[in-house]
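The structure appears below as structure tokens.
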Amino acid sequence: MSNLAVIDFETTGATPAMGARATEVAICLLEGGRIVDRFASLMNAGVRVPPFITQLTGISNAMLASAPAADAVMREAARFVGTRTLVAHNAAFDRQFWRAELLRCDLQAPQPFACTVRLARRLYPDAPNHRLGTLAEWLDLPTAGRAHRALADAEVTAQLLGRMARDLDRRHGCTRFDPEVLLALQGAARHKVQACIQQFA
DNA sequence: TGCCAGGCCCTCTTTAGGGCCTT
């Protein structure tokens, strides 16, 4: 499991299109199914955090007042990720903030995104639902830290990814778990998941 | 006061609608 970086944003709202900005980013680099490096930082984008978001994440305006500027954090995050494929739980959400925040820095965002929600729906169709917290509990994944903080959620997502790799190996003899496999699997129609896995086994 | 989006997936679909998931 190389060339993968798990990312999670905390933000002030649902979409940059409505003016929401990132407040925290965390990234875990994976090698061989293990987390080998981490990057996490609050980021001050000069916006107010709605009370609902503070209640959800624990991130307050006071915390952001002393945080480094969003521009500097995103430049460091982009250097940290490099050309790795990014993985996020509900990647459509994190991808739009990754692109929007880097665009503000005049930086490109060429990294492909894989989505653990899409993967989990294909690999664990019997789960009660496919929220990150539910999957962590259902699969008995180790958790550390407060849910809805970026590093804690990124680490749980990385644990979920590792579990998927082990299950693909145990259930299907598929030892490959790289960006190509992830992108193919998440794009496979439900009735073609087995055929897709066999292609890489 | 209450609500606000975007992308993906499923199905009693595709000239559409509703649910899920993220903050």
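Everything quoted here is computed from the prediction, not taken from an experiment. So that the names make sense, note that chain A is the first sequence line, chain B the second, and so on, each numbered from 1.
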Nearest whole Å is fine: how far is [N] [atom2] from [X] [atom1]?
X: A:Glu24; N: B:dT23; atom1: CD; atom2: C1'; value: 12 Å
X: A:Arg131; N: B:dC20; atom1: CZ; atom2: P; value: 8 Å
X: A:Ile53; N: B:dT22; atom1: CD1; atom2: P; value: 13 Å
X: A:Tyr124; N: B:dC9; atom1: OH; atom2: C1'; value: 19 Å
X: A:Met18; N: B:dG6; atom1: CE; atom2: C1'; value: 11 Å
X: A:Arg118; N: B:dG7; atom1: CZ; atom2: P; value: 12 Å
X: A:Asn129; N: B:dC21; atom1: CG; atom2: C1'; value: 9 Å
X: A:Ile7; N: B:dT23; atom1: CD1; atom2: P; value: 13 Å

It should be established whether A:His130 places a side-chain nitrogen or oxygen under 4.0 Å from OP1 or OP2 of nucleotide B:dC21. yes
A:His89 side-chain N/O to B:dC21 phosphate OP1/OP2 under 4.0 Å: no
Do the non-hydrogen side-chain atoms of [X] and [Y] ever get within less than 4.5 Å of each other?
X: A:Met43; Y: A:Arg21; value: no
X: A:Asp178; Y: A:Asn3; value: no
X: A:Leu29; Y: A:Phe39; value: no
X: A:Asp8; Y: A:Thr157; value: no
X: A:Cys28; Y: A:Leu151; value: yes
X: A:Leu182; Y: A:Thr85; value: no

Applying salt bridge (charged side-chain N to carboxylate O under 4.0 Å, His left out), which residue pairs with at least one partner in residues 137-152 of chain A are found, sequence neighbours left out? A:Glu24-A:Arg149
Using a heavy-atom cut-off of under 4.0 Å over every strand shown, decide if [X] touches base, sugar-phosphate, or nothing.
X: A:Asp94; value: nothing
X: A:Phe97; value: nothing
X: A:Arg122; value: sugar-phosphate
X: A:Thr23; value: nothing

Inter-nucleotide [atom1] distance ([N], [M]), Å rounded:
N: B:dT22; M: B:dC4; atom1: C1'; answer: 15 Å
N: B:dC12; M: B:dG19; atom1: C1'; answer: 15 Å
N: B:dG18; M: B:dT1; atom1: C1'; answer: 26 Å
N: B:dT23; M: B:dG6; atom1: C1'; answer: 13 Å
N: B:dT14; M: B:dC8; atom1: C1'; answer: 16 Å

Taking the nucleotide of DNA chain B with the closest heavy atom to each, which residue, A:Arg121 or A:Leu56, is nearer the 5' end? A:Arg121
Which residue lies toward the 5' end of DNA chain B, A:Val117 or A:Thr15, if each is placed at its nearest nucleotide? A:Thr15
Kindly point out which of B:dG7, B:dT23, B:dT22 is positioned nearest to the side chain of A:Thr11? B:dT23
Quick check on contacts: within residues 184-200 of chain A, what sits under 4.0 Å from DNA chain B by heavy-atom distance? A:Gln186, A:Arg190
In this structure, CZ of A:Phe93 is separated from CZ of A:Phe9 (nearest 0.5 Å) by 9.0 Å
